[in-house]
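Just so you know, residue 1 is the first one in the sequence shown, and it goes up from there. For clarity, every value in this text was computed on a predicted model and none was experimentally measured.
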Amino acid sequence: MSGYHKTLILCAIATLAALITCTIRHEGSGPALLTFYATGYCAPFILLAFRKHNRPARHLQNALLIIPIGIAIGCWLMSLAPTGQPDGEVMGWAILTAIWCLILTPVCLIPLCLTDKPSLPPIPMHSLNFRQATPFDLPTLRNMYDEIIDAMDKSTSHAQWHRGGYPTDAFLQTRAAIGELWVAEQNNTIVAAMVLNAECNPGYAQADWQVTCEPHEVMAIHTLGVSPRVQGQGVGKAMVQQAIAVARRKGCKCMRLDVIDTNPAAGQFYTRLGFSFLGRYELNYPGAVCTDFDLYELPL
């Protein structure tokens with residue numbers, strides 16, 4: 001049982017106990033209070049049925065948790081009121097609270113009208129073929145990166161890649177020629193790509209790295225991109241695992257990379273995979289407008 005469920009149940013129990021006490025101390029007020037305050041629990045409990053599969057519902061439900069907490073506190077305050085207090089004043093507070101709850105309850109229907117991104121099953125690792133790219137892959141890679149750029153343009157998290165800009169055809173061609181460009185295939189179709197080498201931006205020297213090693217003992221990940229057609233299915237994670245395997249075969253002591261500050265989703269992705277955030281620094285890349293990058297490291 002989640003902490004949310006426990007809190008909601010405790011609030012319901014506390015409210016019921018307060019209503020019983022209020023009924024004893026203020027004769028005749030219990031049924032009316034129960035009717036009014038029950039409405040306050042409608043929103044959180046309605047959303048319980050949609051919490052698992054609907055991200056907006058989860059966020060809104062967390063916000064609406066203030067309703068049962070407020071109701072439980074309010075009921076206990078009224079139950080502790082002097083017995084001589086006029087019933088009209090007690091009912092007045094109940095009516096105000098009920099109006100508040102009735103206004104907020106319909107809000108819980110908003111997430112139910114929103115379409116959440118469907119959760120796709122992960123792609124099995126054994127169905128992916130990892131290999132070094134060849135010059136024959138360049139047209140396919142160009143199309144894939146353009147699709148990624150188009151998808152980023154619709155997202156709030158952006159790597160600042162642009163059509164006609166980074167990654168350029170010349171960059172991909174050069175990296176493929178020297179064996180640094182890796183791809184993942186599914187059913188003979190390229191679904192992801194990345195560059196692996198020991199090249200690090202001079203600005204990396206600003207960071208206080210966890211691992212002390214020689215430059216050739218570092219493996220850096222660059223230009224990791226996953227086709228929008230398979231995003232959310234574990235391909236990015238599989239690519240990083242492949243990069244780690246390559247780095248270990250080459251005797252590297254750590255993985256390092258940078259993420260532009262306008263792409264927080266990528267930073268969260270690497271953090272989930274065990275990378276440590278080393279801070280935000282100014283890095284200069286040819287043709288780049290933004291210069292603020294977050295540095296990450298994974299000891300091997």
Side-chain angles (χ1 to χ4, degrees), residues 123 127-155 157-204 215-231 233 235-252 254-260 262-263 265-266 269-270 283-291 293-296:
I123 294 177
S127 69
L128 293 174
N129 176 43
F130 299 97
R131 63 174 177 82
Q132 290 171 299
T134 70
F136 297 103
D137 297 319
L138 295 181
T140 302
L141 286 170
R142 180 71 274 158
N143 290 334
M144 186 193 73
Y145 276 111
D146 286 343
E147 290 178 356
I148 295 172
I149 290 170
D150 292 341
M152 284 183 177
D153 289 338
K154 302 175 184 177
S155 173
S157 197
H158 202 297
Q160 298 300 326
W161 296 349
H162 302 283
R163 280 178 174 261
Y166 186 84
T168 64
D169 292 346
F171 172 82
L172 296 175
Q173 184 174 11
T174 300
R175 298 305 170 180
I178 59 179
E180 294 179 351
L181 182 58
W182 289 76
V183 298
E185 290 180 318
Q186 183 189 34
N187 298 325
N188 296 319
T189 301
I190 294 178
V191 294
M194 64 182 171
V195 171
L196 298 178
N197 58 33
E199 295 181 13
C200 297
N201 187 285
Y204 277 36
H216 68 275
E217 295 176 319
V218 175
M219 181 64 76
I221 300 178
H222 310 276
T223 328
L224 173 57
V226 178
S227 170
R229 290 172 282 126
V230 296
Q231 286 182 4
Q233 299 183 64
V235 176
K237 178 180 178 181
M239 290 292 284
V240 174
Q241 291 173 341
Q242 176 67 14
I244 292 173
V246 172
R248 285 174 173 163
R249 288 200 301 267
K250 292 181 177 293
C252 296
C254 66
M255 304 285 301
R256 291 175 183 171
L257 55 90
D258 57 72
V259 175
I260 196 166
T262 57
N263 194 12
F269 165 75
Y270 288 114
L283 305 180
N284 294 305
Y285 283 104
V289 177
C290 299
T291 59
F293 289 80
D294 298 333
L295 298 184
Y296 293 84

Return the set of residues passing side chain to side chain donor-acceptor pair (under 3.5 Å) with [X] (not counting sequence neighbours), or none when no residue passes.
| X | answer |
| --- | --- |
| Thr134 | Asp137 |
| Glu199 | Arg175 |
| Glu185 | Asn129, Arg131 |
| Asp169 | Arg142 |

Checklist entry - Can you check side-chain contact (heavy atoms from CB on, under 4.5 Å) on Lys250 and Val246, steps first, answer last? => result CA-CA 6 Å; Lys250 292 181 177 293; Val246 172; 3.9 Å; yes
Rounded distance (nearest 0.5 Å) linking atom [atom1] of [X] with atom [atom2] of [Y]:
| X | Y | atom1 | atom2 | result |
| --- | --- | --- | --- | --- |
| Met219 | Leu257 | CE | CG | 12.5 Å |
| Asn187 | Ser127 | CG | OG | 7.0 Å |
| Thr174 | Glu180 | OG1 | CD | 9.5 Å |
| Ile190 | Thr140 | CD1 | OG1 | 5.0 Å |
| Asn263 | Phe293 | CG | CZ | 10.5 Å |
| Thr262 | Gln160 | OG1 | CD | 4.0 Å |

Are any non-hydrogen side-chain atoms of [X] and [Y] less than 4.5 angstrom apart?
| X | Y | value |
| --- | --- | --- |
| Gln173 | Leu181 | no |
| Phe269 | Val259 | no |
| Met255 | Tyr296 | no |

Checklist entry - Judged by atom type as modelled, is there a donor-acceptor pair below 3.5 Å linking the side chain of Tyr204 to the main-chain atoms of Asp258? => result yes
Checklist entry - Excluding sequence neighbours, so at least two apart, what forms salt bridge (charged side-chain N to carboxylate O under 4.0 Å, His left out) with Arg249? => result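 With sequence neighbours excluded, Arg249 shows a salt bridge (charged side-chain N to carboxylate O under 4.0 Å, His left out) to no residue whatsoever.
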Please name the pair of heavy atoms, one in [X] and one in [Y], separated by the smallest distance, quoted to 0.1 Å.
| X | Y | answer |
| --- | --- | --- |
| Gln186 | Val191 | CB-CG1, 4.2 Å |
| Val235 | Ala192 | CG1-CB, 3.7 Å |
| Met239 | Phe130 | SD-CE2, 3.6 Å |

Checklist outcome for this item: Residue set satisfying ring pair (Phe, Tyr, Trp, His ring centres under 6.0 Å) with His162, at least two apart, ordered chain then number -> His158
Item to check | Results of ring pair (Phe, Tyr, Trp, His ring centres under 6.0 Å) for Tyr270 - residues two or more places apart only | outcome: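 Tyr270: ring pair (Phe, Tyr, Trp, His ring centres under 6.0 Å) contacts with Phe275.
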Next on the checklist: Checking side-chain polar atoms at under 3.5 Å, does Tyr166 have a donor or acceptor matched by the opposite partner on Thr223?
Outcome noted: yes
For [X], check side-chain contact (heavy atoms from CB on, under 4.5 Å) against everything at least two apart and list the hits.
| X | value |
| --- | --- |
| Thr168 | Ala170, Phe171 |
| Asn284 | Glu282, Thr291 |
| Glu147 | Ser227, Pro228, Arg229 |
| Cys254 | Val211, Cys213, Val218, Arg256, Glu297 |

